[in-house]
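Notes follow the structure.
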Number of protein chains: 2
Amino acid sequence: MRLVIAQCSVDYIGRLRAHLPLATRLLMVKADGSVLVHSDGGSYKPLNWMSPPASLRIMTPEEADTELGVTEVWNVQHAKSDDRLVINIHELLHESSHDLGVDPGLVKDGVEADLQRLLAEQIHLAGTGFTLIRREYMTAIGPVDILARDAAGATVAIELKRRGDIDGVEQLTRYLELLNRDPLMAPVRGIFAAQQIKPQARVLALDRGIDCLTLDYDMMRGVDDVESRLF
Amino acid sequence: MRLVIAQCSVDYIGRLRAHLPLATRLLMVKADGSVLVHSDGGSYKPLNWMSPPASLRIMTPEEADTELGVTEVWNVQHAKSDDRLVINIHELLHESSHDLGVDPGLVKDGVEADLQRLLAEQIHLAGTGFTLIRREYMTAIGPVDILARDAAGATVAIELKRRGDIDGVEQLTRYLELLNRDPLMAPVRGIFAAQQIKPQARVLALDRGIDCLTLDYDMMRGVDDVESRLF
DNA sequence: TAATATATCTCGGCA
DNA sequence: TGCCGAGGTATATTA
């Protein structure tokens, strides 16, 4: 990885066009040819960047640019598209190079897949007497997160989200419509389950006869830990 | 901005939990207290990070950690939530600090707003004899991108996207449902316009009687340039 | 402040 | 490889 602090202007031409006026910024060149242009604020998103795979060519500026104070031109070309990043460097303030090696990568816990596993194991949280039919029940339009049977023997489709938004209700609605076309399965009712359900999503769900279920991940994980410890 | 290359392990605890095993990485500390952990690959997204506003406290490790080789513990605490990033530093390989100043920021061209302006100007692309009623036509549930009148005098609602996904079709469906409740406006038909329309979205749109329109931004901008040059 | 739509989204999974 | 869904989505706009 190469780190450069420089006074520069940046232009991106590709899926859109974007321009950064002259200022002092961090330029990060990664081993895969990707380049990130960061300012000293904002979030983790760079001001401008080039995704890998890409190649960096450092060129001498044309005469007109030299007169404007440009000392180097970095041409970062994406390997598989016409996307291009052009960095006009006016002054190099710092430069260093480092060998980082390959990263072992991130281990996550608490994403939708974990929620799904826990709810499948603790399906009684969806309702008393519920039994699991299966997770990731495939249909023509995609997988239903959890398919279960309620105490009365009726089929229930459960859509899981970390954050319950209107999109999720639409998604579950499409599944229910499809499942209810199958006479062997109908009637199928729906449960929209999430750690947090937005008011609008709740209104839409109830309007469509879909039950809402708020999940407490920490509690569910706690139960999971206790159960794991028993075996 | 402070740049550190270090052998470290990282833990994030907040909306979820995430762990990075020991490896050499770049740590970027920005002026607003945000911290980015980057490896020498991937794209612009850091392996792990803390969003601003945040504060960094550097602490001496506990004895047990010292024995494992930890020399410094960075505790990055978000200012407005319980999100926390803990970086256990084993070896500092490089360190430098830089004053970047405030960035003037990015200028963009070619986002949805530009597409919308161009299609409004070239509304004939939606169909022969089309006339523009208005852009951003407000309804109770949000603005319809473009409202137009077709050759026969019927109202047409156009939803614009750069990438036509299923969400956009749902959005347009909601608008059409609402607009068609108004007897003065009904019947209103829909056109789903995008630079690229995903197959699933196309199927759903056609199933709901919504026409699809693929837009060529470069061509539209080219026409725009030519027209601009005439005046 | 809260909700909504966009993104050069990125990233992972699966056909 | 392309499509599809999730994201600690982040970010800008607007009511």
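Naming convention: chains lettered A, B, ... in sequence-line order (proteins, then strands); numbering from 1 in each chain.
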Rounded to whole angstroms, how far apart are CZ on R202(A) and P on dA3(C)?
12 Å
Is there a donor-acceptor pair under 3.5 Å between the side chain of S34(B) and the backbone N or O of K30(B)?
no
Side chain of Y12(B) - closest among dT6(C), dC9(C), dG8(D)
dG8(D)
Nearest heavy-atom approach of L160(A) to Q116(A) is CD1-CA, 3.2 Å
V111(A) backbone acceptor or donor facing D114(A) side chain under 3.5 Å:
yes
In whole Å, I'd like the distance from the CD atom of Q200(B) to the P atom of dG2(D).
17 Å
Measure the distance from CG on D82(B) to C1' on dG8(D) and round it to the nearest whole Å.
13 Å
Whole angstrom is fine here: how far is it from CG in L115(A) over to P in dG5(D)?
19 Å
Ion pair present between E136(B) and R134(B), side-chain N to carboxylate O less than 4.0 angstrom?
no
Test salt bridge (charged side-chain N to carboxylate O under 4.0 Å, His left out) applied to R135(B) and D145(B), step by step
CA-CA 6 Å; R135(B) 289 165 56 185; D145(B) 287 338; over 6 Å; no
Could you list by number each residue of residues 166-175 of chain B showing a heavy-atom separation from DNA chain C of less than 4.0 Å, or answer none if no residue does?
Q171(B), Y175(B)
List the steps, then state whether salt bridge (charged side-chain N to carboxylate O under 4.0 Å, His left out) holds for R181(B) with E177(B).
CA-CA 7 Å; R181(B) 281 185 202 166; E177(B) 206 175 304; 3.7 Å; yes
Taking atom P of dA12(D) as reference, at what distance in whole Å does atom CG of L47(A) sit?
11 Å
Nucleotide by nucleotide, 5' to 3', does protein get under 4.0 Å of the base (B), only the sugar-phosphate (S), or neither (-) in nucleotides 10-15 of chain C, counting heavy atoms?
SS----
dA7(C) phosphate, OP1 or OP2, under 4.0 Å from K161(B) side-chain N/O:
no
Could you give the OH-to-P distance, from Y217(A) to dG7(D), as a whole number of Å?
11 Å
What distance separates L36(A) CG from M1(A) CE, expressed to the nearest 0.5 Å?
8.5 Å
In terms of heavy-atom contacts, A157(B) and V188(B) come closest through N-CG1, 3.9 Å
Side-chain (K198(A)) to main-chain (D165(A)) donor-acceptor, under 3.5 angstrom
no
dT4(C) to dT8(C) separation - P atoms, rounded to the nearest Å:
22 Å
Output field dot_bracket for DNA chain C (Watson-Crick or G-U, both distances under 3.5 Å, | for other-strand pairs) contains |||||||.|||||||
Begin from the C-alpha positions of R174(B) and E159(B) and carry the test salt bridge (charged side-chain N to carboxylate O under 4.0 Å, His left out) through to its verdict.
CA-CA 11 Å; R174(B) 289 198 296 273; E159(B) 176 65 32; over 6 Å; no
Check every strand shown and say whether P199(A) touches a base, only sugar-phosphate, or nothing at a heavy-atom separation below 4.0 Å.
sugar-phosphate
Judged by nearest nucleotide, the residue sitting upstream toward the 5' end of DNA chain D, E112(A) or Q196(B), is Q196(B)
Looking only at atom P, what distance separates dG8(D) and dC4(D), rounded to whole Å?
22 Å
R208(A)/E170(A) under salt bridge (charged side-chain N to carboxylate O under 4.0 Å, His left out): CA gap, chis, key distance, verdict
CA-CA 10 Å; R208(A) 293 184 177 170; E170(A) 299 283 14; 3.1 Å; yes
Distance below 4.0 Å between K108(B) side-chain N/O and dT8(C) OP1 or OP2:
yes
Roughly how many Å is it from CG in D165(B) to P in dG7(D), rounded to a whole number?
16 Å
Closest to the 5' end of DNA chain C, once E159(B) and K198(A) are matched to their nearest nucleotides, is K198(A)
Would you kindly give the CG-to-C1' distance between L16(B) and dG7(D), to the nearest whole Å?
9 Å
Result for side chain to side chain contact (heavy atoms under 4.5 Å, CB included) between R84(B) and one of D11(B), I13(B), V76(B) points to I13(B)
